[in-house]
Amino acid sequence: MYKLVDKRNLGPNLTLYEVQAPRIASSRKPGQFVIVRAFDHSERIPLTIADVNKDTGTVTIIVQTVGKSTAEMETLEVGGGFCDVAGPLGQPSHLDNFGTVVVIGGGLGTAVVYPQAVALKELGNKVISIIGARSSDLVIMKDQLGAVSDKVMVTTNDGSEGIKGFVTDALQQLIDNPDMNIGAVYCVGPVVMMKAVADLTAKYDIHTVVSLNPVMVDGTGMCGGCRVTVGGETKFACVDGPEFDGHKVDFDELADRLTTYQSHERHKDQCRMLKAADKIKE
Amino acid sequence: MSDITAKQRMAIQRQPMPQRDGLERCKDFDEVNTGYDLETAIKEAQRCLQCKNAKCIAGCPVGIDIPGFISKLADGDVAAAAEILRSSNDLPAVTGRVCPQETQCECVCVRCKTDTPVAIGYLERFVADYARENNLEKPKEVSASTGKKVACIGAGPAGITCAGELASMGHDVTLFEAFHKAGGVLIYGIPEFRLPNKVVEHEIKNVLALGVKIEKNVIVGKTVTIDQLFVEGFDAIFVANGAGLPTFMNVPGENLKGVYSANEYLTRSNLMEAHRRDAETPVLRGDKVCVVGGGNTAMDAVRTAKRMGAATSTLVYRRGREQMPARVEEAHHAEEEGICFEFLTAPIEVLGSDDGWVEGLKCVRMELGAPDDSGRRRPVPIEGSDFVIDCDMVIVAIGINANPILTQATPDMNLNKWGYIQANDDLATSIPGVFAGGDIVRGAATVILAMGDGKKAAKSIDNYLKTL
Ligand SMILES: Cc1cc2nc3c(=O)[nH]c(=O)nc-3n(C[C@H](O)[C@H](O)[C@H](O)COP(=O)(O)OP(=O)(O)OC[C@H]3O[C@@H](n4cnc5c(N)ncnc54)[C@H](O)[C@@H]3O)c2cc1C
Ligand SMILES: Cc1cc2nc3c(=O)[nH]c(=O)nc-3n(C[C@H](O)[C@H](O)[C@H](O)COP(=O)(O)OP(=O)(O)OC[C@H]3O[C@@H](n4cnc5c(N)ncnc54)[C@H](O)[C@@H]3O)c2cc1C
Ligand code: SF4
Ligand code: SF4
Ligand code: FES
């Protein structure tokens with residue numbers, strides 16, 4: 001068992017878990033993830049390592065409750081623990097001093113991109129963060145990101161906070177600002193958002209890194225379920241990624257593959273993801 | 001041995017393996033073969049001629065004393081038979097079920113000349129099962145502690161066997177396994193209708209009872225490196241991480257929803273138990289399923305798909321029936337279960353619907369041309385023979401390669417041009433103190449060869465430790 005030493009609520013449906021996993025804590029580099037199973041019957045799910053403490057041997061993950069596994073995880077209590085935590089998996093981020101970096105998080109991606117913002121700041125970058133959400137009550141991690149950013153911008157679809165619109169509207173403002181010389185963009189969020197951002201930055205030839213979230217099983221390159229097309233080649237996101245050059249990713253294919261267990265009439269009765277989502281709505 | 005004449009022995013027919021009805025069993029995951037009872041087993045054992053120069057022994061990659069264990073069985077002394085098996089094979093209940101006997105021990109049995117070979121595999125399985133179920137297994141002896149520490153990487157047949165051998169020699173052994181469960185392909189790949197998990201789990205328990213420790217969720221190369229294991233105080237390391245990297249066909253449409261690698265499909269249904277309706281991990285249940293390939297993996301996938309409720313489950317193979325590398329028994333069982341076969345057929349495209357789901361498999365017919373490097377006649381497409389198989393799921397089972405996670409993190413290790421680890425006759429690698437065996441050295445091979453490597457490596461490691 002991997003002991004849970006801290007658990008905190010960070011916002012609506014957002015929970016931080018600090019778990020004892022000394023081997024992972026000592027070998028992890030920013031950008032890598034773990035695969036966890038909360039209980040012995042649970043599915044294996046991938047979660048980005050937000051932070052580690054090498055002295056105490058703990059790993060921090062920030063998890064948004066979206067379905068069955070993440071909901072069940074919330075029933076874990078400090079003192080108890082996770083059945084399995086495996087990692088660190090994936091390639092570490094290729095972080096550098098780019099001068100000015102725009103870090104964009106949409107929805108749950110905000111939690112995933114946070115460690116990158118921390119690391120980019122440590123490397124001496126000027127960090128501007130953009131948080132995108134549907135409405136004000138869904139804006140997460142503003143304080144945490146604020147602490148490591150030179151500036152935080154918020155966009156909401158309904159205009160209840162910050163700029164009304166999408167993260168690309170905020171990004172366009174930054175691009176249009178002649179004093180702003182954007183060296184790179186780091187973007188994690190829903191596939192449509194990453195695609196919109198990559199399309200925009202491609203026009204201005206701004207280096208753009210995205211972190212992909214295909215469905216995974218083993219996380220070690222053994223199953224091929226996480227395959228994505230990047231620059232016309234098949235890549236396994238768990239071993240070759242999860243970060244890729246946003247200008248080369250086939251986002252449409254990824255978005256489509258993500259609906260595998262969700263959308264298809266013929267398979268609906270077998271699709272527990274749908275069932276779990278229904279339960280949460282109830 | 002019971003006194004019957006050679007003539008009487010020769011008169012006994014090979015005892016058929018009792019099995020569940022094909023159309024009944026293909027609705028569940030319970031085992032197909034139900035196993036001999038004691039009486040049948042003894043009868044089959046009496047067929048063995050107890051050859052002085054027993055050819056069958058040389059046919060077995062781990063050199064089991066086959067006439068020896070069969071003679072004890074014929075005498076009704078199953079415990080003694082089990083002990084003989086154990087002395088050269090740590091997982092007899094597994095190999096008795098999954099070895100390709102028809103190309104190993106049984107094909108060289110002298111009785112092949114006159115009628116049919118002694119059913120060595122069935123007898124091996126019987127002895128192991130009977131000993132387990134009746135608590136006849138004698139625990140292996142463990143020598144006094146040597147104070148030496150060994151790490152075995154990968155809890156598949158090679159790693160488990162090596163760990164067991166080393167532990168009984170008195171070494172302090174830790175198995176490191178990437179998954180949350182030990183067993184390797186035996187657990188995540190081979191389905192329960194061929195090899196029940198409880199059988200594998202029992203055999204693993206026996207090895208752990210020798211004092212072997214296991215750390216799961218450790219991906220060597222990521223969680224910890226080989227160098228770090230030496231720093232942690234391990235004196236030698238055995239690498240047996242298998243060959244887990246799926247190959248795809250590289251045809252259009254392969255990323256459509258409803259296309260799986262056999263590794264993913266079998267891992268979801270076996271390791272993650274998605275064949276159970278209440279399991280957390282989902283798996284698609286196709287109505288018309290095509291599986292591409294002709295090996296054991298393809299056969300397991302196509303039969304699993306049938307059990308998951310497919311109305312038609314079809315195996316598409318580019319060579320002919322005779323060239324299929326799968327075990328003969330599996331092909332035969334698949335036929336009984338109503339599996340369809342398309343031989344001399346190769347996929348050229350996966351067809352999809354507007355919403356991205358598999359709708360068909362476009363194929364071309366093949367004919368066998370001149371022999372290739374491997375000596376097998378090479379299939380060549382027949383021009384203009386394209387046709388479409390109507391299906392909603394495609395499973396690709398055309399082979400596996402070396403998974404690079406461990407080797408990439410171990411740059412000093414010499415690999416061959418396909419990325420497999422190079423090991424010498426003693427299974428030593430280019431790094432002192434590091435040995436390797438099983439699929440990561442041989443490429444996709446067999447359970448018994450992996451176990452043979454585990455045993456051999458244990459001897460080499462023991463010798464190496466004596467030099468320290
Ligand atoms: C490399 C990687 C890193 C990740 N890091 C984090 C993280 O730090 N924090 C976090 O909260 N989540 C992260 N995720 C997403 C997380 O794995 C999924 O949210 C989780 O698997 C959902 O499981 P569930 O059983 O609760 O929901 P499910 O019932 O499985 O699904 C609920 C909904 O989420 C969708 N979904 C399923 N799997 C994924 C997925 N892999 N990505 C996106 N949506 C999915 C489903 O289609 C469905 O609509 C990451 C994913 C990947 C691949
Ligand atoms: C579906 C299928 C059916 C088969 N049927 C048969 C059959 O009927 N008869 C037969 O003889 N053979 C069969 N085979 C082949 C046989 O299973 C293999 O040859 C055998 O399992 C190889 O054993 P191994 O110990 O080398 O590797 P594996 O069994 O592959 O075990 C390797 C283990 O190492 C772990 N691992 C991988 N990477 C790491 C890492 N970096 N760190 C730590 N652990 C790691 C894996 O999770 C796994 O548990 C079949 C194979 C498949 C896939
Ligand atoms: S281990 Fe395999 S090859 Fe050896 S005797 Fe048993 S079934 Fe035959
Ligand atoms: S070759 Fe056949 S008959 Fe002879 S000892 Fe072996 S199993 Fe018995
Ligand atoms: S999750 Fe299986 S290969 Fe990436």
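Note that these values count all heavy atoms, side chains included, but never hydrogens, waters or copies made by symmetry. Throughout, protein chains are lettered first and strands after them, A, B, ... in sequence-line order, and every chain is numbered starting at 1. Remember, predicted model here, so these are calculated numbers, not experimental data.
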(request) Take atom NZ of A:Lys3 as the centre, draw a 6.0 Å sphere, and report whether it contains more than 12 heavy atoms from other residues, nucleotides or ligands. (result)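 Not buried by this count: 12 neighbours or fewer within 6.0 Å.
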(request) For atom NZ of A:Lys248, decide whether the heavy atoms of other residues, nucleotides or ligands shown that lie under 6.0 angstrom number more than 12. (result)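 12 or below, so no.
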To the closest 0.5 Å, what do you measure between [atom1] ([X]) and [atom2] ([Y])?
{"X": "B:Ile219", "Y": "A:Ile24", "atom1": "CD1", "atom2": "CD1", "result": "7.0 Å"}
{"X": "B:Tyr260", "Y": "A:Cys223", "atom1": "OH", "atom2": "SG", "result": "10.0 Å"}
{"X": "B:His180", "Y": "A:Arg37", "atom1": "NE2", "atom2": "CZ", "result": "3.5 Å"}
{"X": "B:Asn217", "Y": "A:Cys83", "atom1": "CG", "atom2": "SG", "result": "8.0 Å"}

Which atoms of [X] are under 4.5 Å from chain A, going by heavy atoms: the side chain, the backbone, both sets, or neither?
{"X": "B:Lys216", "answer": "backbone"}
{"X": "B:Val218", "answer": "side chain"}
{"X": "B:Leu256", "answer": "backbone"}
{"X": "B:Ile405", "answer": "side chain"}
{"X": "B:Glu215", "answer": "side chain"}

Please name the pair of heavy atoms, one in [X] and one in [Y], separated by the smallest distance, quoted to 0.1 Å.
{"X": "B:Lys222", "Y": "A:Ser27", "answer": "O-OG, 3.5 Å"}
{"X": "A:Gly221", "Y": "B:Pro246", "answer": "O-CD, 3.4 Å"}
{"X": "A:Pro88", "Y": "B:Thr223", "answer": "CD-CA, 3.8 Å"}
{"X": "A:Arg44", "Y": "B:Phe179", "answer": "NH1-CD2, 3.4 Å"}

(message) Looking only at the side chains, is there a donor atom on one of A:Arg257 and B:Asn255 sitting less than 3.5 Å from an acceptor on the other?
(response) no
(message) Could you check whether B:Thr267 and A:Asp218, counting side-chain N and O atoms only, form a donor-acceptor pair closer than 3.5 Å?
(response) no
(request) Inspect the contact between B:Lys257 and A:Asp256 and indicate whether a charged nitrogen and a carboxylate oxygen are less than 4.0 angstrom apart. (result) yes
(request) Identify whether the distance between the nearest side-chain nitrogen and carboxylate oxygen of B:Glu232 and A:Arg23 falls below 4.0 Å. (result)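 So B:Glu232 pairs with A:Arg23 through a salt bridge.
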(request) Would you mind checking which part of A:Thr220 comes under 4.5 Å of any heavy atom in chain B, side chain (CB onward), backbone (N, CA, C, O), both or neither? (result) both
(message) Heavy-atom pairs under 4.5 Å with chain B: which of A:Arg28, A:Glu253, A:Gln32, A:Glu72 has the most?
(response)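 Of A:Arg28, A:Glu253, A:Gln32, A:Glu72, A:Glu253 has the most heavy-atom pairs under 4.5 Å with chain B.
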(request) Mind ranking A:Val34, A:Thr234, A:Asp40, A:Val85 by heavy-atom pairs under 4.5 Å with chain B and telling me who comes out on top? (result) A:Val85
(request) Name the member of B:Val259, B:Leu266, B:Leu271, B:Asn250 that forms the most heavy-atom pairs with chain A at distances under 4.5 Å. (result)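 Among the listed options, the one with the most contacts to chain A is B:Val259.
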(request) Count the heavy-atom pairs under 4.5 Å between each of B:Met272, B:Arg268, B:Gln228, B:Gln408 and chain A, then report the option with the highest count. (result) B:Arg268
(request) Could you go through the side-chain contact (heavy atoms from CB on, under 4.5 Å) check for A:Arg227 and B:Phe248 one step at a time? (result) CA-CA 11 Å; A:Arg227 60 196 187 277; B:Phe248 286 92; 3.6 Å; yes
(message) Is there a side-chain contact between B:Ser261 and A:Met222 in this structure, where contact means two heavy atoms from C-beta onward sitting under 4.5 Å apart?
(response) no
